[in-house]
Colleague: 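The structure that follows is given in the form of structure tokens.
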Amino acid sequence: MQDIINNLPKLAKDKHNENKKFFTKLKKKAPKNLDYIMQDLHDEEFTRTDCLACANCCKTTGPLFTDKDVDRIARYFKMKTQQFISQFLRVDEDNDYVLQTVPCTFLGADNYCSIYDVRPKACREFPHTDRKKFQQISNLTLKNVAVCPAAFNIVEEMKKRIK
């Protein structure tokens, strides 16, 4: 798995222009059944991909924390919201709450998340390959293929199925 993760940024960069063209076409004319295709691709890929063997998303990127996420996780820690924010989060250039440090503070050495049951929405939905109206998040997907081997594989298979 580590070899795949190490090679992923280069693979994603090599495929970037091809993927960008594909997504541009997809935005202009998406197949009517795109959501179903994406759900199938997502489900198929995650029968083969074990996130616990990878956790590259948690090691290299940080999620956005919504206000609901912050409140829920603070309650989980029995902390005041502001205390949780000052201990773990910062405000980024887009005025969003993000982690102060990467890798994720809540990631264990065994790749398990210590707040899995209350994790942020962005973590629950990552890599967003089973979202409705998938074509609307192509910029996010272009970034995610460089981080997530499953997202990379899904996009490659998607290009084969959708001509």
Side-chain angles (χ1 to χ4, degrees), residues 1-70 88-107 111-113 115-116 119-163:
M1 177 56 83
Q2 196 55 51
D3 285 347
I4 294 167
I5 294 167
N6 292 343
N7 291 323
L8 198 57
K10 183 186 178 338
L11 283 171
K13 188 177 180 191
D14 291 348
K15 297 278 187 175
H16 183 79
N17 289 339
E18 178 184 312
N19 290 345
K20 200 169 179 171
K21 283 178 191 168
F22 176 78
F23 284 125
T24 300
K25 276 195 225 172
L26 195 64
K27 269 186 180 175
K28 287 179 183 165
K29 184 152 176 40
K32 287 191 184 346
N33 63 341
L34 179 63
D35 289 343
Y36 295 107
I37 293 169
M38 292 312 300
Q39 188 65 58
D40 286 346
L41 291 171
H42 178 90
D43 292 346
E44 285 171 24
E45 181 59 34
F46 282 99
T47 63
R48 297 184 295 270
T49 299
D50 177 9
C51 292
L52 290 173
C54 180
N56 197 43
C57 51
C58 307
K59 293 173 184 172
T60 61
T61 62
L64 298 180
F65 286 72
T66 66
D67 290 337
K68 283 183 179 180
D69 293 333
V70 172
F88 297 107
L89 305 179
R90 67 179 175 82
V91 176
D92 71 2
E93 58 281 350
D94 297 324
N95 221 24
D96 292 315
Y97 286 122
V98 296
L99 291 168
Q100 289 177 8
T101 60
V102 172
C104 179
T105 311
F106 307 111
L107 181 67
N111 286 346
Y112 277 85
C113 175
I115 61 166
Y116 188 81
R119 69 195 184 280
K121 181 177 188 253
C123 298
R124 281 194 309 272
E125 295 180 353
F126 192 84
H128 313 285
T129 48
D130 60 347
R131 287 234 321 235
K132 299 252 186 280
K133 298 185 179 160
F134 176 80
Q135 71 276 17
Q136 294 177 351
I137 60 162
S138 57
N139 287 343
L140 179 61
T141 303
L142 284 170
K143 290 178 187 170
N144 290 346
V145 296
V147 173
C148 177
F152 181 88
N153 292 341
I154 289 166
V155 169
E156 289 306 299
E157 188 59 33
M158 181 184 175
K159 290 186 297 190
K160 292 176 191 169
R161 286 205 200 168
I162 302 170
K163 298 290 180 199

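In what follows, every heavy atom counts, from backbone to side chain, and hydrogens, waters and symmetry copies are set aside.
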Colleague: If you look at every heavy atom in Pro149 and Met1, which pair is closest and at what distance?
Modeller: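 Heavy atoms of Pro149 and Met1 come nearest at CG-SD, 4.4 Å.
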
Colleague: Side chains of Asp94 and Leu64: does their closest heavy-atom pair fall under 4.5 Å?
Modeller: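 When only atoms from C-beta onward are counted, Leu64 and Asp94 do not touch, as no gap falls below 4.5 Å.
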
Colleague: What distance do Leu11 atom CG and Glu156 atom CD have between them, rounded to the nearest 0.5 Å?
Modeller: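 It comes to 8.5 Å.
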
Colleague: So how far is it from Ile115 CD1 to Phe106 CZ, rounded to the nearest 0.5 Å?
Modeller: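 Taking CD1 in Ile115 and CZ in Phe106, the distance rounds to 4.5 Å.
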
Colleague: Run the side-chain hydrogen bond (donor to acceptor under 3.5 Å, both in side chains) check on Gln39 and Asp43 step by step: do they pass?
Modeller: CA-CA 6 Å; Gln39 188 65 58; Asp43 292 346; 2.9 Å; yes

Colleague: So does Lys59 have more than 12 non-hydrogen atoms from other groups sitting under 6.0 Å from NZ?
Modeller: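 Counting other residues, nucleotides and ligands, NZ of Lys59 exceeds 12 neighbours.
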
Colleague: Start with the C-alpha distance between Asn139 and Lys143, add both sets of side-chain angles, then the distance that settles side chain to side chain contact (heavy atoms under 4.5 Å, CB included), and finish with yes or no.
Modeller: CA-CA 7 Å; Asn139 287 343; Lys143 290 178 187 170; 5.7 Å; no

Colleague: Could you state the interatomic distance from CD (Glu44) to CD1 (Ile154), rounded to the nearest 0.5 Å?
Modeller: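 Result: 9.5 Å between the selected atoms.
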
Colleague: For the pair Asn7 (side chain) and Asp3 (backbone), establish whether a donor and an acceptor sit closer than 3.5 Å, ignoring hydrogens and angles.
Modeller: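 Yes; at least one donor-acceptor contact below 3.5 Å.
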
Colleague: Would you say that more than 12 heavy atoms from the other residues, nucleotides or ligands in this model lie under 6.0 Å from the NZ of Lys159, or not?
Modeller: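 Yes, enclosed.
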
Colleague: With no hydrogens and no angle check, do the side chains of Thr66 and Asp69 hold a donor and an acceptor under 3.5 Å apart?
Modeller: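 Indeed, the side chains of Thr66 and Asp69 share at least one donor-acceptor pair under 3.5 Å.
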
Colleague: Ignoring hydrogens, what is the shortest heavy-atom contact between Leu34 and Gln135? Give both atom names and the distance.
Modeller: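 Looking at all heavy atoms of both residues, the shortest contact is CD2-OE1, 3.1 Å.
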
Colleague: Does Asp96 use its side chain to pair, donor to acceptor, with the backbone of Phe65 at less than 3.5 Å?
Modeller: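 Such a contact is absent between Asp96 side chain and Phe65 backbone.
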
Colleague: Do you know which two heavy atoms are closest between Asp40 and Arg161, and how far apart they sit?
Modeller: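 So the two residues come closest at CB-NH1, 4.3 Å.
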
Colleague: Apply the test salt bridge (charged side-chain N to carboxylate O under 4.0 Å, His left out) to residues Glu18 and Lys21: give CA-CA distance (whole Å), side-chain angles for both, the deciding distance (0.1 Å), then the verdict.
Modeller: CA-CA 5 Å; Glu18 178 184 312; Lys21 283 178 191 168; over 6 Å; no

Colleague: Within this structure, what is the SG-CG distance for the pair Cys58 and Leu99, rounded to the nearest 0.5 Å?
Modeller: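 Nearest 0.5 Å value for the SG-CG distance: 9.5 Å.
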
Colleague: Have a look at Val147 and tell me which of Leu8, Thr61, Ile5 forms a side-chain contact (heavy atoms from CB on, under 4.5 Å) with it.
Modeller: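 So, applying the side-chain contact (heavy atoms from CB on, under 4.5 Å) to Val147 and each of Leu8, Thr61, Ile5, only Thr61 qualifies.
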
Colleague: Does Arg131 qualify as a cation-pi partner of Phe134, given the criterion of NZ or CZ under 6.0 Å from the six-membered ring centre and within 45 degrees of its axis?
Modeller: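 Arg131 over Phe134 ring: no.
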
Colleague: Can you name the closest pair of heavy atoms from Asn144 and Pro127 and give their distance?
Modeller: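 That would be ND2-O, 3.3 Å.
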
Colleague: Rounded to the nearest 0.5 Å, what's the gap from OG1 on Thr129 to CD1 on Ile137? Could you check?
Modeller: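 Here the interatomic distance stands at 8.0 Å.
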
Colleague: Could you report the tightest heavy-atom contact between Asn111 and Ala53, atom names first, then the distance?
Modeller: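 It is ND2-C, 4.1 Å.
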
Colleague: Could you tell me how the ring of Phe46 sits relative to the ring of His42: parallel (under 30°), tilted (30 to 60°) or perpendicular (over 60°)?
Modeller: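 It falls in the tilted class, 30° to 60°.
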
Colleague: Which heavy atom in Met158 sits nearest to a heavy atom in Leu26, and how many Å separate them?
Modeller: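 So the minimum-distance heavy-atom pair works out to CE-CD2, 3.2 Å.
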
Colleague: Quick one: CZ on Phe152 to CD on Glu157, what's the gap to the nearest 0.5 Å?
Modeller: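 The CZ atom of Phe152 sits 12.0 Å away from the CD atom of Glu157.
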
Colleague: Can you confirm whether Phe126 sits close enough to Pro63 that some side-chain heavy atom of one is under 4.5 Å from a side-chain heavy atom of the other?
Modeller: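 Sidechains of Pro63 and Phe126: no contact.
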
Colleague: Check whether the side chains of Gln2 and Asn6 place a donor and an acceptor atom closer than 3.5 Å, and report yes or no.
Modeller: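 A pair is found: one side chain offers a donor N or O, the other an acceptor, under 3.5 Å apart.
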
